[in-house]
Amino acid sequence: MSSKKYTNRLIQESSPYLLQHAHNPVDWYPWGEEAFKKAQLEDKPILVSIGYSSCHWCHVMERESFENEEIAKFMNTYFINIKVDREERPDVDNIYMEAVQAITNGSGGWPLNCFLLPDGQPFFGGTYFPPQKAHNRPSWPMVLNNIANAFFNKREEVEDQAKSVTEYVKRSDSYFLSKLDITEEVTFTKNIIQESFDKLKDNFDTVEGGFGHSPKFPSTMALRFCLNYHYYTQDEVALDHLNRSLKGMIFGGIYDQLGGGFARYSVDKEWLVPHFEKMLYDNALLIHLMADAYQYTKDDLYKTTIEETITWLEREMHAKNGGFYAALDADSEGVEGKFYVWSAQEFSDHLDLGEEWALEFYDVSEEGNWEHSNILNRKQTLEDFAKAKDLDYTELKKQLDKIHRHLLASRAQRIRPGLDDKILLSWNGLLVTAYAKAYRATQQEKYKDTAEQTLDFLMKTFQKEGAALYHTYKDGKAKYQAFLDDYANLIEACLEVYQINFDKKYLTAAQNFTQYCLKYFYDTNEGLFYYTSSEQTDVILRKKNLYDNATPSGNSTMFHNLLKISAFLDIPEYKEKVEQGLAKMLKSIQKFPQSFANWANILYPLVYGIKEIAVLGKDYKQLIKEIQQFYFPSAVLGAASKADATLPLLKDKEHGDKTLLFLCENYACQKPVETLEEFEGLLTS
């Protein structure tokens, strides 16, 4: 460990992750021209080390190696060292993650440590390395020594390796694309959806919910595929799996039973032991899914969990200026999960006589359920617990509310996990959509207000020039050119907010951003979008990034957007682009539906059609509120007091002095109706 106080170039950065390394003895550079010029001038290999502020093993490697003066001296002598926050530069992370996975036969993660030629081509890499050989991993000093020796003494071999790895990364997008004859016509059918569901079902955990074994991630897009599959086919297995999975998470330790909000994933298959970091995007996607599930099932558990999660977001993640922060660390005081776990005594200190039932309800014991401590979790709702124990539910609820207040107040006195307080456009876009969905499901006006306020903040704060946007914002400054998922998620947010307030400015904004993406991101040859703009030049490759990973890929979200805008504005060529792009992805969707789940969800509107729903008349506001509470997986909503010639969805619809509901498809409308009951009849017919 270093005994001196160092300061390197990262002190000028705003990223919390980079600032964590600003006092390392390693002479870190941020990603940029200065580092590459120095590497080329001195002919040295580059180490690009990538992580993020809430990454547990990133902190471990920093403490063990990057704060070590002897190790830092070797790094500074033989390498140009670059630190990257993967959340600020996902484009850089994507390229070098694929490189490392190619080098290590599929192993990846963070911290990601990749070695490059001075021109940026990768030739070797890995993830976490210990300071001494351990865990079947070589030591970090050994890796550094071997890499330096290879670079300076076996240069030709290193360059051949770099060329091979770079070519692999360059070609990797095409591995998932079908090679179509230009005369071949692809038909999207119910059978394709059926085959995709059957493949997805093979990986169901039919006991605990979710997919596969451990570690277990929320997989919200795959669960939405299940909900949609049930909606169109009435297959009960699909709905059962959705409910089992959501309830497993809500009852498990992956959900913060006191404060609300979900951790990133569970290290076990029972959802008990979380990796304790909380990410904005996970919670946005889960709110969105729970809102859909509540619309369809009317299960109050989902509504309550939405409310608790939003309460946590607004208490701990909401910036005063209107955006939401990126993440909370897993660690506090250098210990993973310390902020969240309880000993039996600590928990019991907040119980009065007669409240011992709470120990059983939350699975609290002397021996603990994780490393001699207790992660709060439950097996059932409080109402079911009361019935099983023959206790009065109303009294238990009153006691539990009091216990919660005391436990939360006590927990608030602990040293908190670190907060990553940068504001990311893409993740905030997901959250605006989640708020809009939560409003539709619950009709709580405050959710609508927050959706509008946050969206307005994003469009104002991240605006560069025209429809060009920035990616991240902190300390009053926005920076880095926006990536495809920034645009895609913002467009989706605009479309969703339009469908709760019917202000046409959001529809106009969605179309403007879409046209920008088609100009600067779209590959007309393959019919897919690049991740980076044609204006961006500081990475060695332009990738397309097709996977739906922890978040939906920018490509799949853009195709959802194109379909909706096509229906809103009657732009058939947008739908043609969707069909062209999805045809290329079809074999991958069928083979790997969990990895391409947001893509798979595009199949439903293409196969079953998009419902165009319009409400016109003086009482449209009340009627649309009732309509909004229905679950429509493939529909667009429009509403106004009178027909609007500038908006195809609301054009040429006569309603006289009545308020009428129109149900259309491809602008062919059924006879309009006046009541919700009649509208339900149209839907079922």
Checklist entry - Checking Thr104 side chain against Ser107 main chain: does a donor-acceptor pair fall under 3.5 Å? => result yes
Let me check something: any side-chain donor-acceptor pairs from residues 72-79 under 3.5 Å, sequence neighbours excluded? List them with distances.
{"unit_1": "Asn76", "atom_1": "OD1", "unit_2": "Asp27", "atom_2": "N", "d": "2.8"}
{"unit_1": "Asn76", "atom_1": "ND2", "unit_2": "Pro25", "atom_2": "O", "d": "3.0"}
{"unit_1": "Asn76", "atom_1": "ND2", "unit_2": "Ala72", "atom_2": "O", "d": "3.2"}
{"unit_1": "Thr77", "atom_1": "OG1", "unit_2": "Lys73", "atom_2": "O", "d": "2.7"}

Next on the checklist: Against the six-membered ring of Tyr168, is Arg171 placed for a cation-pi contact (under 6.0 Å from the centre, within 45° of the normal)?
Outcome noted: no
Checklist outcome for this item: The single option from Asp85, Thr472, Asp475 that satisfies side chain to side chain donor-acceptor pair (under 3.5 Å) with Lys422 is Asp85
Next on the checklist: I need the Met558 CE to Asn598 CG distance, nearest 0.5 Å.
Outcome noted: 12.5 Å
Checklist outcome for this item: Sorted by chain and number, sequence neighbours left out, side chain to side chain contact (heavy atoms under 4.5 Å, CB included) with Lys170 holds for Glu167, Leu541
Checklist entry - Between Phe324 and Trp427, does a ring-ring contact (aromatic ring centres under 6.0 Å, His included) hold up when you go through it step by step? => result CA-CA 9 Å; Phe324 285 79; Trp427 297 3; over 10 Å; no
Item to check | Over 12 foreign heavy atoms within 6.0 Å of CD, Gln132 | outcome: no
Checklist entry - So His23 and Tyr6, ring-ring contact (aromatic ring centres under 6.0 Å, His included) or not? Walk me through it. => result CA-CA 5 Å; His23 298 292; Tyr6 293 88; 9.5 Å; no
Item to check | Donor on one side chain, acceptor on other, Gln590 and Glu195, under 3.5 Å | outcome: yes
Checklist entry - Taking the side chain from Asp282 and the backbone from Lys278, do they hold a donor-acceptor pair closer than 3.5 Å? => result no
Item to check | Residue that, paired with Phe217, satisfies ring pair (Phe, Tyr, Trp, His ring centres under 6.0 Å) out of Phe211, Phe262, Tyr265 | outcome: Tyr265
Item to check | Audit row: Tyr17, Glu88, side-chain hydrogen bond (donor to acceptor under 3.5 Å, both in side chains) steps and yes/no | outcome: CA-CA 10 Å; Tyr17 177 66; Glu88 281 195 335; over 6 Å; no
Checklist entry - Is Lys479 positioned over the aromatic face of Tyr470, cation under 6.0 angstrom from the ring centre and no more than 45 degrees off axis? => result no
Checklist outcome for this item: The single option from Tyr128, Trp110, Tyr52 that satisfies ring pair (Phe, Tyr, Trp, His ring centres under 6.0 Å) with Trp57 is Tyr128
If you look only at distance, which donor and acceptor atoms sit under 3.5 Å apart when one is on a side chain in residues 484-492 and the other is two or more places apart or in another chain?
{"unit_1": "Asp485", "atom_1": "OD1", "unit_2": "Tyr531", "atom_2": "OH", "d": "3.3"}
{"unit_1": "Asp485", "atom_1": "OD2", "unit_2": "Tyr531", "atom_2": "OH", "d": "3.3"}
{"unit_1": "Asp486", "atom_1": "OD1", "unit_2": "Ser426", "atom_2": "N", "d": "2.9"}
{"unit_1": "Asp486", "atom_1": "OD1", "unit_2": "His471", "atom_2": "ND1", "d": "3.1"}
{"unit_1": "Asp486", "atom_1": "OD2", "unit_2": "His471", "atom_2": "ND1", "d": "2.8"}
{"unit_1": "Asp486", "atom_1": "OD2", "unit_2": "Phe483", "atom_2": "N", "d": "2.7"}
{"unit_1": "Tyr487", "atom_1": "OH", "unit_2": "Leu469", "atom_2": "N", "d": "2.8"}
{"unit_1": "Asn489", "atom_1": "ND2", "unit_2": "Ser426", "atom_2": "O", "d": "3.1"}
{"unit_1": "Asn489", "atom_1": "ND2", "unit_2": "Asp485", "atom_2": "O", "d": "3.3"}

